[in-house]
Amino acid sequence: MANIMSETPTYIGFEEYSEHVPAGIPSAVQQATDRFVGGRAARVAELPQWEELRQIGSDIRLHTIENMDVYLTRLEEKVTSAGGHVHWAETAEDARQIVLQIAKEHNVKTAVKSKSMATEEIGLNHALEAAGIEALETDLGEYIIQLAGTGPSHIIVPAVHLKKEEIADLFSEKLHINAPADPIELAQIARETLRYKFLAADMGISGANFLVAETGTLVMVTNEGNGRMCTTMPNLHVAVVGIDKVVPDWESLTVFLKLLARSATGQKLSSYTQFITGPRRAEGEFGPKEFHLVLLDNGRSKVLKDPVGREVFKCIRCGACANVCPVYKNVGGFAYGWFISGPIGAILSPQMLGTQTARELPYASTLCGACADVCPVKIPIPTILRHLRRRVAQGDDFSTHSMPAPIRTAAAFTSIALAWNWVYRFGARLLPVLMSIFKRGDWIPSAPYPLSRWTKARPLPPFVAGFRKWWSVRSAKGKD
Ligand code: SF4
């Protein structure tokens, strides 16, 4: 278990995971997620226009997805004119190499990191360590899982699977101290350890919650001061951000800031909302002298081609869907096998990795719809799950028809039959006659294609056109 998702950003899959599942995960996860669910409900209830806000958020995200090229071009222009450098990374390897090259040019020995899912996605820490650069996570949850040697198990609470006693044991073992199982004291220990690292770091690395195309501004929404330390204390700031994080303008951003904190932690606003536009402008100002933005594709462009699946990029990474998901609450985040877990992981990973790689994930759902009900940007998660189940069964060529030709023809005939009364009556008489050819006893054990796809696994009940008869008998009885 110790190294699950820590070494590489490769998908491990449900089956392999089930051999390692730690017994304590469900209770720790359930306690934490229940708290978030309660907090979210309370904050949402305070806002009468919540549903309207969700719809606006959804519309803006959809518009941005459909015009991503326009907004990314604008973003690049604005970041560059503010004095920053923009790099385009087509793959995870490209992104790692870009960061390593920047580090090499600046003779970087130590780097401090704020929480970033994009750097988890590309396995940046291991690439930096392999290049001899110490990369230290400074978000408390990320720091804990870095010490534990695992990946995150929740989008916003990476160490949600650990209880305070386990964290105390971990600190005691790794930091060679006697750590108490007290959250405040544990946070204090981490703070004291990390403070010196901020002061000594050559490079700060971050992700971003949003990128505002209008001004080229990187937005970070956090509850710990570490993000500000990482992005202002070292002279070099490198941000690695997925291209899907772009938003058109500041007006759009205000909508997402209202939706995000309420959905994520049940707060009206996070403790810190940080806006970074380029590096520091003049001598005497605070902030890094150089700012680099690495825009990560890593399969996102491919996902954008699927008109159903691409709605996944409406996501603002609040984690609310995981908090209400009965599957996530029972298996925890590692079961999703990649850097992102919960219902959003179940619809993102198969699209980015290919449904033949992450083929179990679209089935990791009861389709209860709780995720879609709480999603602040109205991602139709159950619809995308069903769509991906079809892709698992039929391949990733979503440009073709969803069903084979015979089934489409049968569906067309059914549609005509249901629309025209006389056709339905005629078909209702004809079908039982045709089916009697294949009937053996009460069942049809073997039928011709396309129904053979069904009878290969189980017998088919014969079509009984008895509804009208049953209805007239029932009506007659009612009249008696
Ligand atoms: S899918 Fe919706 S609920 Fe889940 S993390 Fe993304 S925005 Fe939040």
Side-chain angles (χ1 to χ4, degrees), residues 29 32-34 36-41 43-44 50-51 53-65 115-118 120-121 141 152-158 160 207-210 219 221 241-242 244-247 252-253 255-267 270 300 303 306 308-329 332-333 336 338-352 361-362 364-388:
V29 170
T33 51
D34 286 351
F36 284 131
V37 169
R40 175 198 169 274
R43 292 292 84 71
V44 166
W50 179 252
E51 285 307 316
L53 213 54
R54 281 179 82 207
Q55 189 57 52
I56 295 170
S58 168
D59 292 346
I60 296 171
R61 292 304 283 154
L62 210 53
H63 164 82
T64 314
I65 289 168
K115 185 175 176 304
S116 154
M117 295 299 276
E120 292 284 354
E121 178 185 335
S153 74
H154 188 283
I155 295 177
I156 61 161
V157 203
V160 70
N209 293 86
F210 304 102
V219 183
V221 178
V241 189
D244 52 306
K245 293 295 179 72
V246 68
V247 297
S252 328
L253 181 71
V255 174
F256 298 121
L257 291 180
K258 283 195 181 94
L259 291 169
L260 179 56
R262 284 177 170 86
S263 301
T265 46
Q267 293 168 284
S270 301
R300 287 166 173 79
V303 177
D306 181 344
V308 179
R310 70 182 176 199
E311 283 204 52
V312 70
F313 290 138
K314 282 158 64 176
C315 181
I316 56 172
R317 302 283 195 269
C318 68
C321 54
N323 298 340
V324 295
C325 176
V327 175
Y328 175 86
K329 285 164 97 92
Y336 292 80
W338 208 32
F339 74 100
I340 188 159
S341 57
I344 181 65
I347 58 171
L348 182 64
S349 303
Q351 297 198 72
M352 289 184 59
L361 290 184
S365 168
T366 61
L367 297 181
C368 67
C371 48
D373 289 347
V374 296
C375 177
V377 282
K378 292 189 154 192
I379 299 179
I381 297 174
T383 304
I384 299 177
L385 284 166
R386 284 196 301 274
H387 173 70
L388 292 174

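Every number for a ligand or one of its atoms is a count from 1 in the order of the listing. Note that the structure is a prediction, hence the values are computed from the model and not measured. Start at 1 with the first residue, then count along the sequence.
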Below 4.0 Å from any atom of ligand 1, is there a heavy atom belonging to Ser263?
no
Run the side chain to side chain contact (heavy atoms under 4.5 Å, CB included) test on Val312 and Ile344 for me, step by step, so that the C-alpha distance in whole Å, both residues' side-chain angles and the decisive distance to 0.1 Å come before the verdict.
CA-CA 7 Å; Val312 70; Ile344 181 65; 3.6 Å; yes
What residue and heavy atom of the protein are closest to atom 2 (Fe) of ligand 1, and at what distance?
Cys375 SG, 2.4 Å
For ligand 1, which atoms, with element, lie under 4.0 Å from some heavy atom of Ile344?
1 (S)
Heavy-atom pair of closest approach, residues Asn209 and Val221
OD1-N, 2.7 Å
Among all protein heavy atoms, pick out the one at the shortest distance from atom 8 (Fe) of ligand 1; state its residue, atom name and that distance to 0.1 Å.
Cys318 SG, 2.3 Å
Can you check whether Arg262's main-chain N or O pairs, donor with acceptor, with Arg43's side chain at less than 3.5 Å?
no
Just by modelled atom types, is the Arg54 backbone N or O under 3.5 Å from a matching donor or acceptor in the Ser58 side chain?
no
Between the side chain of Arg300 and the main-chain N/O of Gly242, is any donor-acceptor distance below 3.5 Å?
no
Who's the nearest protein heavy-atom neighbour of atom 6 (Fe) of ligand 1, and how far?
Cys315 SG, 2.3 Å
Taking all heavy atoms of Glu311 and all of Pro380, pick out the closest pair and write down the distance.
OE1-CD, 3.3 Å
Ile379 heavy atoms within 4.0 Å reach ligand 1 at atoms 1 (S)
Atom 4 (Fe) of ligand 1: the protein heavy-atom neighbour that sits closest, reported with distance to 0.1 Å
Cys321 SG, 2.3 Å
Using a 4.0 Å cut-off to any heavy atom of Gly319, which atoms of ligand 1 qualify?
5 (S), 8 (Fe)
Considering only NZ, NE, NH1 and NH2 on the basic side and carboxylate oxygens on the acidic side, decide whether Lys329 and Asp34 come within less than 4.0 Å.
yes
Quick one: look up the protein heavy atom nearest atom 7 (S) of ligand 1 and list residue, atom name and how far away it is.
Ile316 N, 3.4 Å
